[in-house]
Number of protein chains: 2
Amino acid sequence: MSKQTPAPSLTDLNAGMPCCAPISEQRIPAETAAVLAPAFKALGDPVRLQLMSMIASASAGEICVCDLTPAFELSGPTISHHLKTLREAGLVDAERRGTWVYYRARPGIMRQLASLLDVGIPASV
Amino acid sequence: MSKQTPAPSLTDLNAGMPCCAPISEQRIPAETAAVLAPAFKALGDPVRLQLMSMIASASAGEICVCDLTPAFELSGPTISHHLKTLREAGLVDAERRGTWVYYRARPGIMRQLASLLDVGIPASV
DNA sequence: CGTCTGCTTCGACATGCGTCTAGGTTGACA
DNA sequence: TGTCAACCTAGACGCATGTCGAAGCAGACG
C-alpha cells in the first residue's frame with residue numbers, strides 16, 4: 001500500500017480533480033483501474049465513440065438527440081441505450097429542455113483519461 | 001465526405017503517425033471510430049488496464065509474464081488471454097527470449113488515444 | 001533423449017452486451 | 001382536455017467476452 005495516487009471516485013473525476021499519474025510512470029492501483037476501466041469501456045464501441053465525438057465537438061457545446069439519431073442507421077432506442085452508457089460512464093450530461101433532450105460532454109473525465117494515457121516524451125516508436 | 005482526417009490503419013497508428021484531431025474539435029469519421037474503438041475496448045477491463053499500466057511503467061521498458069501473472073488472483077490462461085487482447089489491439093508487443101516472454105508497450109498508439117481525448121484548454125468543468 | 005517449467009491455445013460455461021420491437025412518459029399545442 | 005412528437009424504459013434474442021481446467025508447444029537442463 002502507501003503513497004500511490006489513491007482511488008478516485010467518478011465524482012472526483014468529474015469535479016476536475018487531478019487524479020492519476022500516467023500509466024507509463026506508475027502502476028495503477030486496482031481500485032483506480034476499477035473506476036476508470038468503465039470509462040474506457042464506454043468508448044470501446046464505434047457508435048459510442050462517434051456519439052462522444054459529435055457531442056464533444058458540438059459548436060454550441062451541446063447537441064440535441066434529434067441531431068444524433070439520424071446520423072446512424074440504428075433505431076432510436078439503440079442510440080438512447082448508447083447515450084445512457086455514456087451517461088453512466090460519466091462522460092456526458094443530459095438535460096431536457098422542452099421537447100428535446102440535449103447532451104453535453106464532461107471535459108474533466110476526458111482530460112483524466114487523456115493524461116492517464118500520456119506517454120510524456122513525444123518521441124519515436 | 002472530403003477533407004476530414006482520413007481513416008488510419010492500426011499500422012499507421014503504431015508507426016507513430018499523427019492521426020486524428022481531438023474529438024472535441026472534429027467529429028470522428030465512422031472508419032476512424034471503427035479502427036480506434038477496439039483499442040479503447042481493450043483498455044475497458046480493470047485487469048487489462050492494470051496489465052497495461054504494469055507493462056508501460058516497467059523500469060526496464062519491458063516486463064516478464066512471470067512477473068505479471070502473480071500480481072492477480074487469476075489463472076495463467078486468463079492473464080494470457082488478456083495479454084493477447086492487448087496485443088491484438090496493438091497496445092503491446094511480445095517477445096520470447098529463452099524461457100520467458102517479455103511484453104513492452106507501444107507508445108505510438110497510446111499517444112494517439114491520448115491526443116484524441118485531449119480537450120485542449122486545461123480549464124474548468 | 002527425457003523431463004520439467006513457462007506460456008499459450010483449446011473447449012466449455014456463465015455472464016454481459018448490442019440490437020430490436022413494443023410500450024411508457026414528458027412536454028407542446030390546439 | 002385530447003392528441004401528437006420526442007425520447008426513454010422494458011423485455012427478448014443472439015453473439016461476444018471473461019473465466020477456468022486440460023492439453024499443447026517451446027526452451028532449458030540433466
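Throughout, protein chains are lettered first and strands after them, A, B, ... in sequence-line order, and every chain is numbered starting at 1. No experiment lies behind these values; they were computed from the predicted model shown.
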Listed partners of B:A94 passing side chain to side chain contact (heavy atoms under 4.5 Å, CB included), at least two apart: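 With neighbours one apart ignored, the set is B:R87, B:V101, B:Y103.
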According to side chain to side chain contact (heavy atoms under 4.5 Å, CB included), who are the partners of A:A114, at least two apart in sequence or on a separate chain?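 A:A114: side chain to side chain contact (heavy atoms under 4.5 Å, CB included) contacts with B:L117.
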Please tabulate, for the side chains in residues 51-58 of chain B, all donor-acceptor contacts under 3.5 angstrom to protein atoms that are two or more places apart in sequence or on a different chain.
from: B:S53; atom 1: OG; to: A:Q26; atom 2: O; distance (Å): 3.2
from: B:S53; atom 1: OG; to: A:I28; atom 2: N; distance (Å): 2.7
from: B:S57; atom 1: OG; to: B:S53; atom 2: O; distance (Å): 2.7

Reading nucleotides 14-26 of chain C 5' to 3', which nucleotides get B (base under 4.0 Å from a protein heavy atom), which S (sugar-phosphate only), which -? ---SSBBBB---B
So, does A:S115 use its side chain to make a donor-acceptor pair with the main chain of A:Q112 at under 3.5 Å?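 It does hold such a pair.
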Select base, sugar-phosphate, or nothing to describe what B:S80 touches, counting heavy atoms under 4.0 Å on all strands.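 Answer is base: heavy atoms of B:S80 come under 4.0 Å of a base.
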Touch class at under 4.0 angstrom, heavy-atom based, for B:F72 against every strand present: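 The residue B:F72 makes no contact with any strand.
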On DNA chain D, reading 5' to 3', which nucleotide is the first and which the last to sit with an atom under 4.0 Å from a heavy atom of chain A, could you check?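 Contacts span D:dA6 to D:dT9, reading 5' to 3'.
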Mind checking side chain to side chain donor-acceptor pair (under 3.5 Å) for [X] and listing every partner two or more places apart, or none if nothing turns up?
X: A:R96; result: none
X: B:D67; result: none
X: A:R104; result: A:E62
X: A:S75; result: A:T78

In residues 79-86 of chain B, what donor-acceptor pairs under 3.5 Å come from side-chain atoms, sequence neighbours left out?
from: B:H82; atom 1: ND1; to: B:R48; atom 2: NH1; distance (Å): 3.1
from: B:T85; atom 1: OG1; to: B:H81; atom 2: O; distance (Å): 3.1

Among residues 61-71 of chain B, which ones have heavy-atom contacts with DNA chain D below 4.0 Å?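 Here the set is empty: none.
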Those residues that, when tested against A:E95, pass salt bridge (Lys or Arg N to Asp or Glu O under 4.0 Å) (two or more places apart):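 Result, salt bridge (Lys or Arg N to Asp or Glu O under 4.0 Å) vs A:E95: A:R97.
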